[in-house]
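Have a look at the structure below, then the notes.
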Amino acid sequence: MLLKIDFESELPIYEQMKRQIIQGIAVGNLVAGEILPSVRQMAEDIGINLHTVNKAYNILKGEGYLTIDRRKGAIINDKLPKITEETNTKLIEELNYIIADSKCRGFTKEEFLDLCSKIFNNYSRK
C-alpha cells in the first residue's frame, strides 16, 4: 500500500493517512479482509514515527473501518460503518466550511455541484 504524505501540509500526518486509507477503501484499492502493513512497517516505509501510524490505525478502528488483531495486525472490516447522527453532523460542518470557502473564491452553485458530482463518481466505479 502506497500512501502519499505531504510533510508540508497543515493537515496532521495521521489524518492524511486516515483519509487516504478511507479513500482506498471507497475506490476498491483496499478490500474487506485485506491486512495493512504493521505499524512498524508502515512507519518505516513512510519515514514517520510509529506512534503516528498507531494513532491513525486506532482512529480507523474506532470509526469502524479496521479491526486490530494482535497476530495479524490491522485488517479492513468487511462491514463498513453506517451513517450516524454524529457522522451526519460532522459532514454538515465540513460541507458548510467547504461551500463557504468555495463561494468566497467565486465558485457558482453549478460549478460546485458539478465538481462534487465528478468526485463522487470516482467512488461509484467500485
Side-chain angles (χ1 to χ4, degrees):
M1 172 180 185
L2 187 62
L3 296 179
K4 297 174 187 161
I5 301 300
D6 179 0
F7 292 98
E8 303 300 318
S9 174
E10 292 181 17
L11 200 61
I13 293 171
Y14 72 88
E15 182 68 22
Q16 291 181 53
M17 290 183 62
K18 181 189 108 169
R19 289 178 182 211
Q20 288 183 45
I21 290 170
I22 292 171
Q23 289 170 335
I25 294 168
V27 296
N29 292 338
L30 296 171
V31 296
E34 187 168 343
I35 300 171
L36 297 178
S38 70
V39 169
R40 289 187 194 282
Q41 186 63 55
M42 181 73 86
E44 186 178 305
D45 290 349
I46 300 173
I48 60 174
N49 188 294
L50 62 94
H51 296 295
T52 303
V53 177
N54 196 43
K55 184 172 185 173
Y57 280 8
N58 280 318
I59 291 170
L60 288 163
K61 176 187 174 196
E63 291 181 1
Y65 289 99
L66 300 180
T67 299
I68 307 290
D69 182 291
R70 289 180 187 239
R71 292 167 280 144
K72 295 180 182 177
I75 306 163
I76 305 295
N77 277 339
D78 56 344
K79 292 183 180 177
L80 296 176
K82 300 295 181 202
I83 296 171
T84 64
E85 190 66 37
E86 181 182 342
T87 56
N88 194 47
T89 299
K90 183 179 172 185
L91 179 61
I92 290 169
E93 288 173 3
E94 288 293 318
L95 284 172
N96 265 314
Y97 167 73
I98 292 168
I99 291 168
D101 186 49
S102 299
K103 185 161 176 49
C104 288
R105 294 173 185 270
F107 270 81
T108 65
K109 178 180 178 180
E110 293 74 25
E111 290 170 329
F112 182 84
L113 293 175
D114 184 52
L115 182 60
C116 288
S117 181
K118 287 176 184 174
I119 293 169
F120 195 92
N121 288 339
N122 289 334
Y123 296 102
S124 300
R125 297 184 189 140
K126 186 175 171 186

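- Follow the hydrophobic side-chain contacts under 4.5 Å out from Ile68 and you reach Ile25 in the same cluster.
- When hydrophobic clusters are built by joining Ile, Leu, Val, Met, Phe, Trp and Tyr residues whose side-chain heavy atoms come closer than 4.5 Å, directly or via intermediates, Phe112 is grouped together with Tyr97.
- Between Thr67 and Lys61 the shortest side-chain heavy-atom distance does not fall below 4.5 Å.
- Remark: side-chain polar atoms of Thr87 are not paired, donor with acceptor, to backbone N or O of Ile83 under 3.5 angstrom.
- The CG atom of Leu30 lies 10.5 Å from the CD atom of Gln20; values are rounded to the nearest 0.5 Å.
- Panel note: side chain Asn96, backbone Ile92; a donor-acceptor pair is recorded below 3.5 Å.
- With a 6.0 Å radius and a threshold of 12 heavy atoms from other residues, nucleotides or ligands, Phe7 has its CZ atom above the threshold.
- Between the Glu63 side chain and the Pro81 main chain, no donor and acceptor come within less than 3.5 Å of each other.
- Among all heavy-atom pairs drawn from Tyr57 and Pro37, the shortest one is OH-O, 2.7 Å.
- Remark: side-chain polar atoms of Glu34 are not paired, donor with acceptor, to backbone N or O of Ile75 under 3.5 angstrom.
- Atom CG of Leu3 sits about 9.5 Å away from atom CD of Gln16, to the nearest 0.5 Å.
- Side chain of Ser9 to main chain of Asp6: no donor-acceptor pair is present (N/O by atom type, distance under 3.5 Å, no hydrogens or angles).
- At least one side-chain heavy atom of Tyr123 sits under 4.5 Å from a side-chain heavy atom of Gln23.
- For Asn77 (side chain) and Gly64 (main-chain N/O), a donor-acceptor pair under 3.5 Å exists by modelled atom type.
- No side-chain donor-acceptor contact under 3.5 Å links Asn54 to the backbone of Leu50.
- The closest side-chain heavy-atom distance from Asp114 to Glu110 is not below 4.5 Å.
- The existence of a salt bridge linking Glu93 and Lys90 is excluded, since no basic side-chain nitrogen approaches an acidic carboxylate oxygen closer than 4.0 Å.
- At distances below 3.5 Å, not a single donor-acceptor pair connects side-chain atoms of Glu15 with backbone N or O atoms of Pro12.
- The CG atom of Asp45 lies 7.5 Å from the CE atom of Met42; values are rounded to the nearest 0.5 Å.
- Atoms CD1 and CD1, from Ile76 and Ile22 in turn, are 9.5 Å apart once rounded to the nearest 0.5 Å.
- Taking CD1 of Ile99 as the start and CZ of Phe107 as the end, the distance is 12.0 Å to the nearest 0.5 Å.
- If you chain together hydrophobic residues whose side chains sit under 4.5 Å apart, Ile35 and Leu66 never meet in one group.
- Ser117 places no side-chain N or O within 3.5 Å of a backbone atom of Leu113 that could act as its donor or acceptor partner.
- Note: Leu115 CG to Glu111 CD = 9.5 Å, rounded to the nearest 0.5 Å.
- At a threshold of 4.5 Å between non-hydrogen side-chain atoms, the residues Tyr14 and Val53 do not count as touching.
- Linking ILVMFWY side-chain heavy atoms closer than 4.5 Å, directly or via other members, places Ile5 and Leu60 in a single hydrophobic cluster.
- When side chains are defined from C-beta on, Tyr65 does not count as touching Ile21, because their heavy atoms never get closer than 4.5 Å.
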